[in-house]
Student: 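The structure's right below; bear with me while I get my questions together.
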Amino acid sequence: MRLFVTPAAAPLRGELSPPGDKSISHRALIFSGLAEGQSRIEGLLESGDTNATRRAMEQLGARFERAGDALLATGIGSDGLQAPDGVLDMGNSGTAMRLLAGVLAGQPFTSVLSGDASLNSRPMGRIIRPLEQMGARIEAETGGRAPLRIQGSDALHGIDYESPVASAQVKSCVLLAGLFARGRSSVSEPRLSRDHTERMLPHFGVTLESGPALDGGQALRGAPVTVPADPSSAAFLAAAALLVPGSDVLLHGVGLNPTRDAFFRVVRAMGGRLDILDRRESGGEPVGDLRVRHSPDLVGVDVPGEWIPAMIDEVPILLALAARAHGVTRIREAEELRVKESDRIAVMARGLSAMGVDLTEYPDGIDVTGGDSSHAVVASSHDHRCAMSFAVLGLVSEGGVTIEGAEYIDTSYPGFRADLAGLGAELRTEGS
Ligand code: S3P
């Protein structure tokens with residue numbers, strides 16, 4: 001699908017709730033599916049990625065049904081998982097594959113996890129290593145890529161795992177496998193990655209100690225879940241409001257977990273008019289409403305390396321902002337971006353250069369010098385966040401932008417076009 005974005009002819013105005021948090025939605029589906037009893041999930045994201053997790057949990061025996069705006073989950077119970085009747089298709093979702101691999105490693109049956117071309121080219125060695133240390137056997141393609149054939153075991157043993165990367169997917173994978181293992185499992189990581197698993201497991205009745213660490217053999221009990229709006233999706237709308245002259249937008253109920261909020265901190269350091277109103281707690285997560293206004297005097301910043309894990313998914317949209325800020329924005333210590341849904345440093349560098357943006361690529365980051373930008377045809381490269389970042393920059397680029405492969409936006413934000421159009425932007429699509 002091609003997406004044509006026209007330069008904004010009017011300010012973006014209005015208020016809306018961005019879609020449910022993708023990370024929290026995956027966990028809500030997996031934990032409620034593993035729990036004994038029922039769970040009511042409010043605010044769940046329904047998108048390509050979370051649908052993959054839901055379908056996989058159904059293949060393992062969980063049931064989900066609509067109840068008005070909520071989803072009602074009937075869990076299988078930790079020892080009730082059934083062997084899937086075919087390959088578990090994880091689509092484009094790294095979170096689905098890595099978290100479910102942890103669950104499946106602890107089952108007394110074999111399962112196969114596969115995905116699309118993007119997912120099957122991403123590194124899985126980072127989860128294969130700890131799961132094999134715990135006693136699972138996993139066959140992968142060359143270089144530790146999916147499809148993964150997981151020969152699970154009901155005799156896994158707990159480990160103290162020192163993860164070489166700050167990755168919530170690795171951490172959650174080991175903790176989930178640890179639930180099915182004998183003894184205790186713990187994970188340490190070089191920098192704290194998002195902590196949604198640690199926050200949500202206790203809500204389902206699991207005793208978790210700091211580390212994080214847990215004892216195997218604990219059962220999950222069904223629990224109500226409220227999913228906040230996704231800060232990673234809100235970031236695109238916020239950036240659009242910062243860039244388009246005269247804009248004033250209010251975003252309701254956005255997740256502000258400190259392991260996720262660094263993009264908003266950087267925006268403020270750049271001089272962005274972003275106010276956080278009514279900070280509160282919802283479903284065990286801090287949330288707030290964001291008022292974002294046009295900010296003509298954004299300045300480039302050096303992003304602190306220690307902030308990167310808390311904004312790893314927002315770097316592409318930050319680069320779009322940097323392209324219009326005064327001076328240079330420098331990102332380093334962000335080599336993880338090269339193994340996301342695409343090599344995000346390379347894909348953003350290619351697309352932004354085509355749009356006339358001045359930049360220098362580094363192995364672990366990029367420097368972007370702000371200035372003018374103009375129309376180009378750019379490729380999503382199977383990457384929803386790159387596609388949406390180009391779309392936002394297109395709103396203020398001469399002649400707009402054309403994005404090839406825009407269907408990938410649906411992996412995390414199927415309502416993106418409608419939400420931007422509701423605020424006053426003009427977007428048009430062609431093909432499917
Ligand atoms: C996620 C963790 C992050 C993030 C991804 C979602 C999660 O990946 O980029 O979009 O839900 O755990 P890593 O854990 O690989 O950093």
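A quick note: this is a predicted structure, and the numbers were derived from the prediction, not measured. Atoms within a ligand are numbered from 1 in the order they appear, just like the ligands themselves.
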Student: Backbone, side chain, both or neither: what part of K340 comes under 4.0 angstrom of ligand 1, heavy atoms only?
Tutor: side chain
Student: Of D261, D21, D313, which meets salt bridge (charged side-chain N to carboxylate O under 4.0 Å, His left out) against R194?
Tutor: D313
Student: Could you list the residues that satisfy side-chain contact (heavy atoms from CB on, under 4.5 Å) with S32, not counting sequence neighbours?
Tutor: S39, I41, F64, A73, F204
Student: Search all heavy atoms of A56 against all heavy atoms of M90 and return the closest pair with its distance.
Tutor: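 Taking every non-hydrogen atom into account, CB-CE, 3.6 Å.
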Student: Pick, from S412, S167, P123, the option with the minimum heavy-atom distance to atom 13 (P) of ligand 1.
Tutor: S167
Student: A168 versus ligand 1: do any nitrogen or oxygen atoms come within less than 3.5 Å of each other?
Tutor: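 Indeed, backbone or side chain, A168 has an N or O that close.
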Student: Look at atom 6 (C) of ligand 1 and say which protein heavy atom is nearest, naming residue and atom and giving the distance to 0.1 Å.
Tutor: T95 OG1, 3.3 Å
Student: Look at ligand 1 and say whether R194 reaches it with a heavy atom at a distance under 4.0 Å.
Tutor: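 Contact present.
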Student: Please say which of D410, D383, D49 ends up in a side chain to side chain contact (heavy atoms under 4.5 Å, CB included) with N92.
Tutor: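 The option that passes is D49.
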Student: If we only count heavy atoms from C-beta on, is the V287 to V254 side-chain gap below 4.5 Å?
Tutor: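 V287 does not reach V254 side chain to side chain.
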Student: Could you list the residues that satisfy ring-ring contact (aromatic ring centres under 6.0 Å, His included) with F236, not counting sequence neighbours?
Tutor: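 ring-ring contact (aromatic ring centres under 6.0 Å, His included) check on F236 returns nothing, list empty.
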Student: Would you mind checking which non-hydrogen protein atom is closest to atom 1 (C) of ligand 1, with the distance to 0.1 Å?
Tutor: Q169 NE2, 3.5 Å
Student: Tell me which protein heavy atom sits closest to atom 4 (C) of ligand 1, plus the residue, atom name and distance to 0.1 Å.
Tutor: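 For atom 4 (C) of ligand 1, the nearest protein heavy atom comes out as D313 OD2, 3.3 Å.
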Student: I need the nearest protein heavy-atom contact for atom 11 (O) of ligand 1: residue, atom name and distance, please.
Tutor: S23 OG, 2.7 Å
Student: So is R27 touching ligand 1 or not, going by heavy atoms under 4.0 Å?
Tutor: yes
Student: Assess whether side chain to side chain donor-acceptor pair (under 3.5 Å) is satisfied between T429 and R2, documenting all intermediate values.
Tutor: CA-CA 6 Å; T429 57; R2 287 184 137 203; over 6 Å; no
